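Below is one structure; the comments refer to it alone.
Proteins get letters first, then strands, A, B, ... in listed order; numbering begins at 1 in each. For clarity, every value in this text was computed on a predicted model and none was experimentally measured.
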Amino acid sequence: MATTITKTETLVGKRIRRQEDPRLITGTATYVDDIKMPGMHHACILRSPHGAAKIRSIDIKPAQDLPGVAAVFTGKDVEGVGPVPCGASLPGLRVPPHAILAKDRVYFIGHPVAVVVATDRYIAADALDLIEVDYEPLPTVTDPEKALAAGAPAVHPEWPDNTAFLYHQEGGDPETAFKEAEVVVKQRITSQRLIPTAMETRGVVAEYRSAEKSLTLYSSTQIPHLLRTLVSQMLGLAENHLRVITPEVGGGFGSKLNVYAEEALMGFVAMKIGKPVKWIESRRENFQCTIHGRGHVDYYEVAAKRDGTVLGLRLKLIQDLGAYHQLLTPAIPTLSVLMMPGLYKFRNVTADIVGVFTNCVPTDAYRGAGRPEATHGIERMMDLLAAELKMDPAELRLKNFIGKDEFPYATATGLSYDSGNYAEPLKKALDLVDYHKLRQEQKQAKASGRLLGVGISTYGEICAFGPSPATPAGGWESATVKIEPSGKVTVMTGASPHGQGEETTFAQIAADELGVPIDDVIVVHGDTAVVQYGIGTFGSRGTAVGGPAVYYALQELKKKIRKFGEMLLETTDVTVSGGQCVDNRTGKSVSLAQIAGASYRAMKLPPNTEPGMVATYFWEPPNFAFPFGAHIVVSEVDRETGHVEIKRYVAVDDCGNIINPLLVDGQVHGGVVQGLGQALYEQAVYDDDGQLITGELMDYAIPKASMVPWIESSHTITPSPVNPLGVKGVGEAGTIGCSPAVVNSVVDALSHLGVKHIDMPMTPEKLWNLVHQGGQA
Amino acid sequence: MKIAGSYTLPVTPQRAYELLQDPEVLARCMPGTERLAKIGPDEYEMKMKMVISAVQGLFAGKVRIADQKPPEQFRLIVEGSGKVGFMRGDGLLTLSSASATTEVHYEGEVHVGGVIAGVGQRLLDTTAKIVIRKFFEKLAESAGQVVEAVAAPSSTPSPATPASDSN
């Protein structure tokens, strides 16, 4: 029998390098495009070059005749395939039928019109050029406010007002709050459309085995099980005849929390031609056809007393939905409304959302999904209020925070904040930047003509999605933990990590609970034929909901380990620790490997106990978790060029207990970089004809390593009472905290010119004009 | 995209007007034109190669001339499409006489779509300016030759220079 390694040191809380990194950084990981199969065909998709048009006719004959082309399908061929699903429901929601290929009309640039399948990708691409589509271009509207104006072109002719839904939420008595206010601050604030730009574009490989009537889809997705359920419905295939495998996923950020036309389309094609088929999205397709994020025009009003006490909050939110609803499109702005009060004691709130159709690709969840917009709004408004009252923005925030003894705190929007100590990260961040000295330095700098600014953002977010009644699909997560006969441990998670590092954090949890070395544990995910049903990875839920499922499965397993231990040691009082089961009276022990071996060999079984060493747990969270934090940015605007230099970036995040500080830092860094992208560089721009003119990475600016400042990341720890690990989630925190801190710092730098607000992205051109036109853009 | 500008041609307005509507001259002067044939009154069929940024492709389309007021103005309506996208242009050309030369003022709007819109956007402006400048330079050259061949002018025509191209 193998030597038992006794492990005494715990791993949770340690900076452990990621188990998944060796394969990722040596180029040996398998992504969808790495999959090759005998006889595999390749698909390319013909897409609309118009923002809106009628399709008069399509001639596919010349494409079909090209040697190497196996098949060409158009909208009328796929009429039997179900629509692209919308999982969100709102009262009175208008849901346009969303076919997987357009039939007689296209609604946005990149709308799929036909698919060509050929023996190689080049032939398929060439064949696209041979398809003749006779379009009748129609007027388009791409700006959500213009779409609401009278006489605007109708995106869907049946709904000439372009309104998909109206949604109202209210708490407290906002009317009285505004009546009694001593000061009211108003501002229009936009959160521009962003392109998620995952490093790996989407891709699908589909393989159909006709004798078994079974379809396997390899897809770059965040939700393998939900994808299986929904695509099987679309294809009319029994769910247990569809297997979804998620190989390595090169980033999602919410853009792969979806069910796309191409996923069902490739299944359809594979079933039709009887050959495996691969489709890999090009970067241009990715920009045109994968969901975008944000797309808000928000009108805020804050009511307050002269002493800075906030009273009421009013929001009119115009959400650019694009032409269709993807999986969660209409639900995203409702998250903004839930989080609109931020960390402050707004007892009286009212919000109205208008969901607007435009001739653009749908918006949906993108890192933060609704909460970056809400945080950007409230954190800008707090600064506007501070400016109006001539109060220090830090002081105003500290005055209005929900107190640390007020948790759980019922918000005016109906949430129950789990735990918090909001002043602590702000005070820590203020200390880190030496705030009072910094303000003195700023005074001197401004006196000498330099445009130096300090920006504060104190954010709160809703994550760990979430209790099932409050989520479109289930909100639980699942885990199976197995001890193999050899004693090695396999953890299967229903979450679908794709860069977050749960192969490491879940291994840490399992290694600690069982007292085995981390190298004895592997974490398996992303194959519906192997892993029990799960929900997926999004909304900062991987560790915060998937982690507790692993934890509870381990507790179940430990019960069984004890039973076998007691039987083998002939005792009734054992402890599981250090990879052993120890008799508390005699000190005699058996190793986990011995116990596992005995459980599978089953020569003898404890009473009422099955053979084997496997436990599965589906964990339903009782509430969301609410991480928070404070980000402070010191920036300087170059008077001559309008360029923003971030001189300091201090992030103090509270995500509850930390399982692996290295991974938490990584999440904060990545999140902040995406927030910087929104604050300074990125914007998806459609022209009035519906053309996406930021159509590739030459024209859509994402931050590069050289553009990112040093991020000083630290933490406070307020454990969440919602789950046994005390974790809150950190995947989106950096993005949510970042953009208002950056904008507040730049507004602060230019405040003496009369600048009160700047919409993102704060491009050098925009800032140069502000500086040189006396604060008027 | 809006385009506007003006250019001076070393000929009379009447002659400039004729040159600007002569398919042979236009085919010779328009960069990338592979074919320009009359298919009806004031209507021409066109094949043209365009290179914008990393995108190049053949456009097939039609050119139509409308609102003619010789020798003062006419409207050019261009529509073309190819594998890399499509374009639609509508421009008004106004000719005014200045001693022995003609100032051609153009003003119009160009819509592009497809790959050229998504990829070449930043270079579209510049490309349009270059194409228009080259066109007028060649036209001026042609005009000079034609003028010399027909009737030698009393003074050497000044070399044509592009005036303010703006958008």
Counting heavy-atom pairs under 4.5 Å to chain B, which of A:D689, A:L128, A:I109, A:L130 comes out on top?
A:D689
Which atoms form the tightest heavy-atom contact between A:R284 and B:V115, and what is the distance?
NH1-CG1, 3.6 Å
Tell me whether the count of non-hydrogen atoms from other residues, nucleotides or ligands lying under 6.0 Å of NZ in B:K49 goes above 12.
no
Atom CD of residue position A:E765 - does it have more than 12 heavy atoms of other residues, nucleotides or ligands inside 6.0 Å?
no
Decide if atom CZ of A:R105 counts as having more than 12 heavy atoms of other residues, nucleotides or ligands within a radius under 6.0 Å.
yes
Quick one: closest heavy-atom pair of A:Q691 and B:A117, and the distance?
OE1-CB, 3.4 Å
Contact part of A:L692 toward chain B, heavy-atom cut-off under 4.5 Å: side chain, backbone, both or neither?
backbone
Tell me whether the count of non-hydrogen atoms from other residues, nucleotides or ligands lying under 6.0 Å of NZ in A:K146 goes above 12.
no
Quick one: of A:S48, A:P49, A:G695, who has the most non-hydrogen atom pairs under 4.5 Å with chain B?
A:P49
